[in-house]
Amino acid sequence: MQYDKILAVIEADSTQQKSLSRALEIARMNQASITAFLCIYDFSYEMTTMLSMDERENMRQAVVDDRTDWLKNLVAKTIGREFIDIDIKIVWHNRPYESIIREVLENGFDLIVKGTQQHDTLESVIFTPTDWHIMRKAPVPVLLVKEHDWPIGGKIIAAINAGANDADHLSLNEQVSKHANSFGSLLASDVHLVNAYPSTPLNIVMTIPDFDPVTHQETVKEHHQLSLQTHGKAYQISTELCHVAMGLPEDVIPDYASKLDAELVVLGTVGRQGISAALIGNTAEHVIDKLNCDVLAIKPDGFISPIKLS
């Protein structure tokens, strides 16, 4: 996969911009262009309706100008003496996720890079509501990063649903593997495939007298192993790097990420919205919430963002 235009989302309250640093790493390896994107909004602006239009606009512009100077200085410090051109874009909007996705739709970016928040007490990554909105609604891959190096020769995990046989999940498996291989090539890293398979439902064991749960479990495991290895061969991933384990994806994938000390986990997300998301949830989101490494979230082919350009 080729990442030609990267949108690095800037955090207004941070001097350490993980997204910009990671975008620079990718751009160096991929000859991509970068836009440092900052969404700002001062809610006190809503309390100035008694002012004239000119006064309100002057107030808004003063905030924009101040943030523009800040961002220019930040970008200059980040790149140092390196000869690389980074565009700067500041947008006044009260919904950051919406402004980010609109920018992608308007200007054809093919990768969003955004920093996550580190929780010092729990030593884990905390994802903000903006992160979740972007992952669910962005039409392009979203790379959520934390503050650490990407060493050459590290490990990348592609989370695969090897037991799926419907077109949508098979397509998503393909996209996940393609993107994982792309980053694997950039970083000279091994790509590991990880797949979780379910345990035998207890109700079946209890209601069918002659049911053999051990044989059933072995059959399910063998099916997932064969499916995962077959998928791996199509992407030049050796059998030794194909991992199958019984359990829920939200347990198995973070467990392997920890065991392998993975730098990046690539997974697919269906982008479920509304009541469906509230009642059912997204498996990918349950997985992401337990990961303490960079995450690349991929949408299936044909995904259409609910955010529309006016």
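Predicted model, so just to flag it, every value in this text is computed and none were measured.
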Enquirer: Decide if atom CZ of Arg28 counts as having more than 12 heavy atoms of other residues, nucleotides or ligands within a radius under 6.0 Å.
Expert: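 More than 12 within 6.0 Å, yes.
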
Enquirer: Which heavy atom in Asn195 sits nearest to a heavy atom in Val252, and how many Å separate them?
Expert: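 Answer, listing the atom of Asn195 first, then Val252: O-CG1, 4.3 Å.
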
Enquirer: Counting only heavy atoms from other residues, nucleotides and ligands, does the tally under 6.0 Å from NZ of Lys77 exceed 12?
Expert: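 Result for NZ/Lys77: open.
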
Enquirer: How close do Asn30 and Tyr3 get, heavy atom to heavy atom, and via which atoms?
Expert: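 Minimum heavy-atom separation between Asn30 and Tyr3: ND2-O, 2.6 Å.
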
Enquirer: Main chain of Ala167, side chain of Ser171: is a donor-acceptor contact present, judged purely on distance under 3.5 Å?
Expert: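 No, the answer is negative, given that no donor and acceptor are paired below the 3.5 Å cut-off.
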
Enquirer: For Leu309, is the CG atom crowded, meaning more than 12 foreign heavy atoms sit under 6.0 Å from it?
Expert: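 Yes, because the 6.0 Å sphere around CG of Leu309 holds more than 12 heavy atoms from other groups.
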
Enquirer: Check whether the ring centres of Tyr235 and His231 lie less than 6.0 Å apart, and answer yes or no.
Expert: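 Yes, the ring centres sit under 6.0 Å apart.
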
Enquirer: Would you mind checking if Lys114 and Asp131 are paired as a salt bridge, meaning a charged N to carboxylate O distance below 4.0 Å?
Expert: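 Salt bridge between Asp131 and Lys114, a charged N being under 4.0 Å from a carboxylate O: yes.
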
Enquirer: Any donor-acceptor pair under 3.5 Å linking the side chain of Ser189 with the backbone of Gly154?
Expert: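 Flag set: sc Ser189 to bb Gly154 pair under 3.5 Å.
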
Enquirer: May I have all residue pairs that pass side-chain hydrogen bond (donor to acceptor under 3.5 Å, both in side chains) and include part of residues 101-113, sequence neighbours excluded?
Expert: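 Pairs touching residues 101-113 that pass the test: Lys89-Glu103, Glu98-Arg102, Glu103-Asn107.
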
Enquirer: May I ask you to decide whether Glu218 forms a salt bridge with Lys221, counting only side-chain N to carboxylate O separations under 4.0 Å?
Expert: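 Lys221 and Glu218: not salt-bridged.
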
Enquirer: For this output row, return yes or no: ring centroids of Phe183 and Trp150 closer than 6.0 angstrom.
Expert: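 Yes; Trp150 has its ring centre under 6.0 Å from that of Phe183.
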
Enquirer: Relative to the ring of His224, is the ring of Tyr197 parallel (under 30°), tilted (30 to 60°) or perpendicular (over 60°)?
Expert: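 Because their plane-to-plane angle lies in the 30° to 60° range, the rings of Tyr197 and His224 count as tilted.
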
Enquirer: What are the two closest heavy atoms between Cys39 and Ser99, and how far apart are they?
Expert: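 Here Cys39 and Ser99 meet closest at SG-OG, 3.3 Å.
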
